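One structure below.
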Amino acid sequence: MKNLMIAIVLIHSCLGDVSHILPEYLTTTTTTPQPPPRPYSFQYQAGRHPGNVDRVHEESGDGSGHVRGSYSFIDPKQKVRTVQYAADENGFHASLINYEDTVAQPVDSKAVKLAKEKHFQLYQKIAEANAHGAPGNLPRDSASVGRAKDRHIQLYQKIAEEHAAIAAQREAERLSYEATSVVNDVNPDHAY
C-alpha cells in the first residue's frame, strides 16, 4: 500500500503543465480535461513486538480534498487512546476519544491537604503583616557576610575610580587631537 501511495504521488507530479518551458507551444492552447477524483482508503496495524498490535491507523479520502480517519495507540498506562479526524475546505478537525482521565485533576492526600492548609495560613499571616506595614523578619548579616560586603564595595569603588581615570584620559586625548588636527573638507562636487 505504501508503494502504491508513492507511485500515485510520483505519477501525479508528472501530469503538470510544462508548455511555458517550450517556446513552440506558447501560441498553441490545448485543454486537458481534469482527471476524475482519485479516492483512496488505507488502514494498517503495527506493534513493537511480533504478534502484538499497539497502534492502528485508517484513513480515506474522496479525491476532492475531504479526508476522514482515525488512529489509536496504547499509552504507557496500557490504555487505548483514539484520535478521530477530518480534513475539508474548512481545515483540520480532530476529536480525542477516551482521554477523559488525562485532564482529570489528581485528588490530594491527607498530607497534601494539611500542607496546603499550613501554607495558606502562613501566606495569610505574611499578607496581613505586609498590609499593616509591619517590618519583615529580614535576616541579619553574619560577620563574614559583612566583611565580604565591605570588600565588595571597596573593589567596586576602586574599579569605578580606574574607569573614571581612563575615561578622563581618553577625553583629554580626543580634545588634544581635535585641537591639533586640520578639518578635511571633502566635497564630492568639487572638481580638481
Side-chain angles (χ1 to χ4, degrees), residues 1-6 8-9 38-168 170:
M1 185 52 84
K2 184 177 178 184
N3 291 336
L4 178 61
M5 292 299 295
I6 291 172
I8 290 172
V9 169
R38 295 186 180 157
Y40 70 93
S41 177
F42 71 84
Q43 66 180 23
Y44 68 87
Q45 297 178 350
R48 291 183 180 88
H49 308 288
N52 183 20
V53 174
D54 60 8
R55 38 188 181 233
V56 176
H57 186 185
E58 58 184 30
E59 182 177 291
S60 62
D62 63 4
S64 61
H66 295 184
V67 176
R68 293 200 176 284
S70 69
Y71 62 89
S72 300
F73 62 94
I74 298 176
D75 74 357
K77 296 178 182 178
Q78 301 301 313
K79 184 157 184 169
V80 176
R81 306 294 183 179
T82 302
V83 176
Q84 293 178 340
Y85 60 90
D88 54 25
E89 61 275 353
N90 297 320
F92 182 80
H93 315 282
S95 300
L96 304 176
I97 311 299
N98 61 0
Y99 278 79
E100 297 81 22
D101 62 323
T102 60
V103 294
Q105 293 294 321
V107 177
D108 292 340
S109 66
K110 284 186 178 182
V112 171
K113 285 180 185 177
L114 290 174
K116 282 184 176 180
E117 289 174 8
K118 184 177 178 182
H119 170 78
F120 288 125
Q121 289 172 356
L122 288 172
Y123 179 86
Q124 286 297 335
K125 182 179 176 183
I126 292 169
E128 288 174 12
N130 288 338
H132 299 305
N137 293 334
L138 298 176
R140 295 183 184 201
D141 292 343
S142 65
S144 61
V145 170
R147 286 190 301 272
K149 281 184 175 179
D150 291 340
R151 178 72 178 140
H152 173 77
I153 290 171
Q154 290 171 359
L155 287 173
Y156 180 83
Q157 288 173 344
K158 179 181 175 187
I159 291 170
E161 290 169 1
E162 289 173 356
H163 283 210
I166 292 170
R170 288 190 178 162

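Because the structure is predicted, anything quoted here is derived from the model rather than measured.
Using a 4.0 Å cut-off between charged nitrogen and carboxylate oxygen, Lys113 and Asp108 do not count as a salt-bridge pair.
Within the 3.5 Å criterion, the main-chain N or O of Val80 finds a donor-acceptor partner in the side chain of Asn98. Remark: the backbone N or O of Val145 is not paired with any side-chain donor or acceptor of Asp141 at under 3.5 angstrom.
Within 6.0 Å of CZ in Arg81 there are more than 12 heavy atoms belonging to other residues, nucleotides or ligands. Other residues, nucleotides and ligands contribute over 12 non-hydrogen atoms within 6.0 Å of the NZ atom of Lys79. Heavy-atom contacts from other residues, nucleotides or ligands closer than 6.0 Å to OH of Tyr156 number 12 or fewer.
Distance check: Gln45 CD to Glu58 CD gives 9.5 Å after rounding to the nearest 0.5 Å. Annotation: the span from His93 atom NE2 to Gln84 atom CD amounts to 14.0 Å, rounded to 0.5 Å. For the atom pair NZ (Lys116) and CD (Gln121), the distance works out to 14.5 Å, reported to the nearest 0.5 Å. Of the inter-residue distances, the one linking Gln154 atom CD with Lys149 atom NZ reads 14.5 Å to the nearest 0.5 angstrom. Atom OH in Tyr71 sits 8.0 Å away from atom NE2 in His57 (nearest 0.5 Å).
Considering all non-hydrogen atoms of both residues, Val83 and Ala94 come closest at CG1-CB, 4.2 Å. What you find for Val53 and Ile74 is that their closest heavy atoms are O-CD1, 4.0 Å.
Side-chain contact between Glu89 and His66 is present, with at least one heavy-atom pair separated by less than 4.5 Å. Between Arg170 and Ile166, the closest side-chain pair of non-hydrogen atoms falls below 4.5 Å.
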For this session: May I have the step-by-step check of side chain to side chain contact (heavy atoms under 4.5 Å, CB included) for Tyr85 and Glu59, ending in yes or no?
Result: CA-CA 9 Å; Tyr85 60 90; Glu59 182 177 291; 2.5 Å; yes

